[in-house]
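This report refers to the structure that appears directly beneath it.
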Amino acid sequence: MDQSMVHLWVKTEPFIVGALQIPPPSKFSMHYLRKMSTYVRTRASEGCYPRLFWPMWRHIACGKLQLAKDLAWLYFEIFDSLVERTPEERLEWAEVVSSCTSEEELEKQRNKLSVDTLQFLLFLYIQQLNKISLRTSLIGEEWPSPRDKSQSDNLTGKSTCQNKNWNDYTHQAFVQNHLLDLLELLLDPDQLTASSHSTHGSLVSPEAVRALSFLIEGTVNKTRTVHPLHELALWQPLHVKNGYSKITKAFSFPKLEVWLRACLTGSPFGTSACLKSGKKLAWAQQVEGTTKRAKIACNAHMVPEVHRMVVMSQVYKQTLAKSSDTLVGAHVKIHRCNESFIYLLSPLRSVTIEKCRNSTFVLGPVQTAIHLHSCDNVKVIGICHRLSISSTTGCTFNILTPTHPLILLDGRRHDRNTWGAATCIPEGTESTRAEDTGLAKNCEGGRTNQGSEEAVPGAGGEQIL
């Protein structure tokens, strides 16, 4: 069968939710991850492979990679949030954790958790998405400065936003540029040379290709049915192209790499496709006397439920409220909104609020994370599993969350931020800082730097939908 009929693309969610928006720890480099890949296989009987249990990851992270225990748990927990589980399973685990009365009891429960080892290796590798490259900066494509402006501040057909986590073109380029490393990371040690590189005769196991499905999925003949990578790779008509042999029950490394590169294309479910082909929603009206027009795009009508996405930009002096199936389970990005009050009351998958000013956001329950970047004087009210902020000032957070808020340090101050008392954090928790990653945890049980209370507004352009 002609390979042109198979279309593969890079999944968006691992990058939106999974990649922390800071440079990764120095020991998340390929050199150390290769060592970890070999190490876990040699200790399979100790809880390292094919499932990596929390005690062994804690041992590797703290003892080998020199990470703090809290940081090791952070990565482990973020990856676990990407694993598909039923709401009942999530609720059961939340109840178990909430019933723990001591750190020892909590650690005992965590020791029961495990993740897919190979997929977790890939998850650690993609943290390099936000790695700052000084070599790249010399040719003008990147510079370690928070004041860089994106190539385009408008919602256009091309996603040229500065936020790499939402840029599907960046995701595709990252996987294509690092595909060799990704495949080598999944190889069995006996398929590597003494210098930990592949050879022309290296074989890739079906388990490794299954793990790669964490990042890649696709379809046949551009149908609406989406398949994980391993299902397509094991499809009989494609064996000649991708090098699968029924005798060895493995893939030829060179052929598999060539096939993947030939079939990789842009994601039909990414931000770019949402902006280009998604439904433009008239949730907010243009304010008389202003040249700015709210731009809201949604792809719910054209994608499977797990790929829903809503992008909002330039909502200005509006009151906007929405609760509908369109939003349920969606990744939401709110960009450059000013002097507005936005209520998104449906259950959401994740929320990113970027470059917004003087606005209030009331959110429904967010399954994974709420992330704020480069915001000034905004108020956020909601429930989420995790709150993270970077480059924000003068913001107020009334958040119910079972985890420590994260302040992602990028060289700019995070002053005058106010933490609501609803956060489920022990009172008097002190600030900590992991110098190697630029990541800090900061929370306070009570309200600090409290400003004047804001009443529910009746701002100009009010519109309740």
Side-chain angles (χ1 to χ4, degrees), residues 13-14 16-20 47-48 51-62 67-117 119-120 123-124 127 214 329 331 347-351 363-371 380-389 397-408 419-432 434 437 439-446:
E13 181 169 274
I16 290 180
V17 178
L20 279 179
C48 285
R51 303 284 299 181
L52 180 64
F53 283 78
W54 161 242
M56 292 309 300
W57 164 240
R58 182 183 61 214
H59 168 71
I60 294 170
C62 300
L67 300 183
K69 179 184 173 182
D70 286 347
L71 188 57
W73 172 251
L74 174 64
Y75 284 110
F76 194 85
E77 186 182 42
I78 290 176
F79 176 78
D80 184 69
S81 70
L82 295 170
V83 178
E84 185 176 350
R85 287 194 173 90
T86 64
E88 292 76 16
E89 290 173 329
R90 297 285 184 190
L91 180 60
E92 181 181 0
W93 170 248
E95 291 175 343
V96 168
V97 172
S98 64
S99 65
C100 293
T101 57
S102 65
E103 183 67 26
E104 292 74 17
E105 191 175 347
L106 177 60
E107 195 68 11
K108 184 178 179 181
Q109 294 299 329
R110 287 178 175 179
N111 289 343
K112 302 176 183 179
L113 295 181
S114 66
V115 296
D116 183 282
T117 305
Q119 289 188 4
F120 188 63
F123 165 78
L124 296 179
Q127 301 304 316
F214 170 66
H331 295 285
L348 307 170
R349 178 64 172 162
S350 73
V351 176
L363 306 173
V366 180
Q367 187 177 13
T368 57
I370 298 174
H371 177 71
V380 181
I381 303 171
I383 302 171
C384 64
H385 184 71
R386 185 176 306 282
L387 169 70
S388 63
I389 68 172
F397 304 99
N398 295 313
I399 302 293
L400 181 65
T401 171
T403 59
H404 291 285
L406 299 178
I407 298 180
L408 309 179
W419 304 94
T423 26
C424 295
I425 303 298
E427 187 167 353
T429 303
E430 296 181 356
S431 304
T432 60
T437 62
L439 178 149
K441 295 178 299 179
N442 188 327
C443 60
E444 299 185 11

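Values in this document were obtained by computation on a predicted structure and should not be read as measured data.
Atom OG of Ser350 and atom CZ of Arg386 lie 13.5 Å apart (nearest 0.5 Å). The CG atom of Leu20 sits 5.0 Å away from atom OH of Tyr75, with the distance rounded to the nearest 0.5 Å. Between the CG atom of Leu406 and the CD1 atom of Ile389 there is a distance of 9.5 Å, given to the nearest 0.5 Å. Rounded to the nearest 0.5 Å, atoms CG (Leu52) and CG (Leu113) are 11.5 Å apart. How far CZ of Phe214 is from CZ of Phe120: 10.0 Å, rounded to the nearest 0.5 Å. Here the CG atom belonging to Asp70 is positioned 11.5 Å from the OG1 atom belonging to Thr403, to the nearest 0.5 angstrom.
Counting only heavy atoms from C-beta outward, the side chains of Pro402 and Val97 never approach each other to under 4.5 Å.
Considering all non-hydrogen atoms of both residues, Leu387 and Ile399 come closest at CD2-CG1, 4.0 Å. The two atoms that bring Ala72 and Ala61 nearest to each other are CB-CB, 3.5 Å, heavy atoms only. The two residues Leu82 and Arg349 make their nearest non-hydrogen contact at CA-NH2, 4.1 Å. The two residues Trp54 and Arg110 have their closest heavy-atom pair at CB-O, 3.4 Å.
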*Run the numbers on Arg51 and Asp116 for side chain to side chain contact (heavy atoms under 4.5 Å, CB included), then give the verdict.*
CA-CA 5 Å; Arg51 303 284 299 181; Asp116 183 282; 3.9 Å; yes

*Given side chain to side chain contact (heavy atoms under 4.5 Å, CB included), test Thr401 with Ile370 step by step and report yes or no.*
CA-CA 10 Å; Thr401 171; Ile370 298 174; over 6 Å; no

_Walk me through whether Trp57 and Val115 qualify under side chain to side chain contact (heavy atoms under 4.5 Å, CB included)._
CA-CA 10 Å; Trp57 164 240; Val115 296; over 6 Å; no

*Take Glu103 and Glu107 through the side chain to side chain contact (heavy atoms under 4.5 Å, CB included) test and state the conclusion after the steps.*
CA-CA 6 Å; Glu103 183 67 26; Glu107 195 68 11; 4.2 Å; yes

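Within the structure, salt bridge (charged side-chain N to carboxylate O under 4.0 Å, His left out) pairs that include any residue of residues 82-95 comprise Asp80-Arg85, Asp80-Arg90 (at least two apart or interchain).
In this structure a side-chain-to-backbone donor-acceptor pair under 3.5 Å is present from Thr117 to Cys48.
The closest side-chain donor-acceptor pair between Trp93 and Gln109, if any, does not fall under 3.5 angstrom.
In this structure, the side chain to side chain contact (heavy atoms under 4.5 Å, CB included) partners of Pro55, at least two apart in sequence or on a different chain, are Phe53, Arg58, Asn111.
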